[in-house]
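Before any comments, here is the structure.
All of these numbers come straight from a predicted model, not from anything done at the bench. Naming: A, B, ... by sequence-line order, numbering from 1 per chain.
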Number of protein chains: 2
Amino acid sequence: MITLDYADRRPIYEQVIERMKDLILLGVLATDEQLPSVRELAMDLSINPNTVQRAYAELERQGVIYCVKGRGNFVAGINALKDKQKEELKPQLLELVKKAKKADMTENEFTELVKQFYSQQ
Amino acid sequence: MITLDYADRRPIYEQVIERMKDLILLGVLATDEQLPSVRELAMDLSINPNTVQRAYAELERQGVIYCVKGRGNFVAGINALKDKQKEELKPQLLELVKKAKKADMTENEFTELVKQFYSQQ
DNA sequence: TTAACTGTATTAAGAGTGTTAGTACACTTG
DNA sequence: CAAGTGTACTAACACTCTTAATACAGTTAA
């Protein structure tokens, strides 16, 4: 279901968060569908249940999933997540634009890159 | 010359690297101009000389500055740095575009944000 | 030459974070 | 009741960031 990249310097729990969001955005995990249990996913990825728990807690804090004690974790809703991702994008893009300006990259150069990347596969 | 942000979670040496690049890109530090010495900057920022040294070593490794033992550190060249920053930008922008696609953000929406951010101050 | 400045290297220690391990408790389901 | 869920807690280890204290080598100006 999920693959970890140990070459990635980011913490495992962050990778789990990102992959789960991807699975939801791709529609692999539908709204209200149950996620693998903490212990099951930990076993599957050969990591500690605490690490999975940390990822799930953060996903719940972000409103991406909801938890029912004794039953499991469930997908909260794909549209809310999409809107959330779009909002997250903005400050990150602003930082990139600032960096581009500092390096004297024109808006046209920048937009050309966007066009190129958007048409990519 | 440089101000640190202790609310920023990133390591101090990374902040020093970024601020030095900014000073160079802004033209505050011209090509071949001497940077503050390791001990002087450390004193100025109230941090350890080792931390400054780490930042300077990384800046040299990236080709942003060059060091002469016994004399000091000097700015390598602003144009090379600008080109370097533009190249660094590309993979970061690609990741953002990927994220945007996943969230079903259209190229037009994205480009509109770019336009907005570019015209900002 | 000497003194004071440069960069550079080394070792040790402390703080913080990420991860694992083990255990325990409460809730739900069959 | 038993097995599965989420949740909480403590302890230990590894790694990184940072500081501290030296030490050494090169440069420069008095």
Side-chain angles (χ1 to χ4, degrees), chain A residues 1-21 23-24 29-30 32-76, chain B residues 1-20 23-24 29-76:
Chain A
M1 187 171 216
I2 282 186
T3 310
L4 293 179
D5 177 11
Y6 285 98
D8 195 329
R9 308 161 229 165
R10 291 179 312 164
I12 296 176
Y13 78 93
E14 274 189 25
Q15 292 187 44
V16 173
I17 290 172
E18 190 183 275
R19 308 299 160 113
M20 276 301 169
K21 286 182 181 174
L23 289 181
I24 296 172
L29 288 174
D32 292 320
E33 187 173 337
Q34 184 163 8
L35 275 65
S37 79
V38 171
R39 292 172 179 83
E40 185 187 349
L41 185 56
M43 187 80 93
D44 184 35
L45 297 178
S46 300
I47 61 179
N48 196 280
N50 291 336
T51 305
V52 177
Q53 165 61 16
R54 182 162 183 182
Y56 278 13
E58 178 61 18
L59 283 169
E60 187 190 27
R61 196 196 64 77
Q62 292 182 17
V64 178
I65 66 177
Y66 60 92
C67 306
V68 184
K69 268 186 84 173
R71 291 196 52 219
N73 293 272
F74 303 87
V75 178
Chain B
M1 185 171 216
I2 281 186
T3 311
L4 293 178
D5 176 13
Y6 284 98
D8 195 328
R9 309 160 228 167
R10 290 178 311 165
I12 295 177
Y13 78 93
E14 274 189 25
Q15 290 187 47
V16 174
I17 291 173
E18 189 184 274
R19 308 297 161 114
M20 277 301 168
L23 289 180
I24 296 171
L29 288 174
T31 300
D32 292 321
E33 186 172 338
Q34 185 165 8
L35 276 65
S37 79
V38 171
R39 292 173 181 81
E40 185 187 350
L41 185 57
M43 188 80 93
D44 185 36
L45 298 178
S46 301
I47 60 177
N48 197 279
N50 290 338
T51 307
V52 177
Q53 166 61 16
R54 182 161 182 181
Y56 278 13
E58 177 61 19
L59 283 169
E60 188 189 27
R61 197 196 63 78
Q62 293 182 16
V64 178
I65 66 178
Y66 61 91
C67 306
V68 185
K69 266 185 86 172
R71 289 195 54 217
N73 293 273
F74 304 86
V75 178

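- By the salt bridge (charged side-chain N to carboxylate O under 4.0 Å, His left out) test, A/Arg9 pairs with no residue at all, sequence neighbours left out.
- Listed for the A/Arg19 side chain is a donor-acceptor partner under 3.5 Å among the backbone atoms of A/Thr3.
- Heavy-atom neighbours of B/Met1 CE from other residues, nucleotides or ligands within 6.0 Å: above the threshold of 12.
- For A/Glu18, the salt bridge (charged side-chain N to carboxylate O under 4.0 Å, His left out) test picks out A/Arg10, with sequence neighbours left out.
- Remark: side-chain polar atoms of B/Gln15 are paired, donor with acceptor, to backbone N or O of B/Asp5 under 3.5 angstrom.
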Contact string for nucleotides 3-16 of chain D, one letter per nucleotide 5' to 3', B = base within protein heavy-atom range under 4.0 Å, S = sugar-phosphate only, - = neither, reads -BBBB-B-------
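- Using modelled atom types, no side-chain atom of B/Gln53 and backbone atom of B/Asn50 make a donor-acceptor pair closer than 3.5 Å.
- A salt bridge (charged side-chain N to carboxylate O under 4.0 Å, His left out) check over residues 39-50 of chain B, counting only residues at least two apart or in different chains, returns nothing.
- Rounded to an integer number of Å, the gap from B/Tyr6 OH to D/dT19 C1' is 12 Å.
- One can place CD of B/Gln15 at 13 Å from P of D/dC17, the figure rounded to the nearest angstrom.
- Applying the salt bridge (charged side-chain N to carboxylate O under 4.0 Å, His left out) test to pairs two or more places apart or on separate chains, those with a residue in residues 49-62 of chain B are B/Glu58-B/Arg61.
- Where DNA chain C meets chain B (any atom under 4.0 Å from a heavy atom), the bounding nucleotides read 5' to 3' are C/dT6 to C/dT10.
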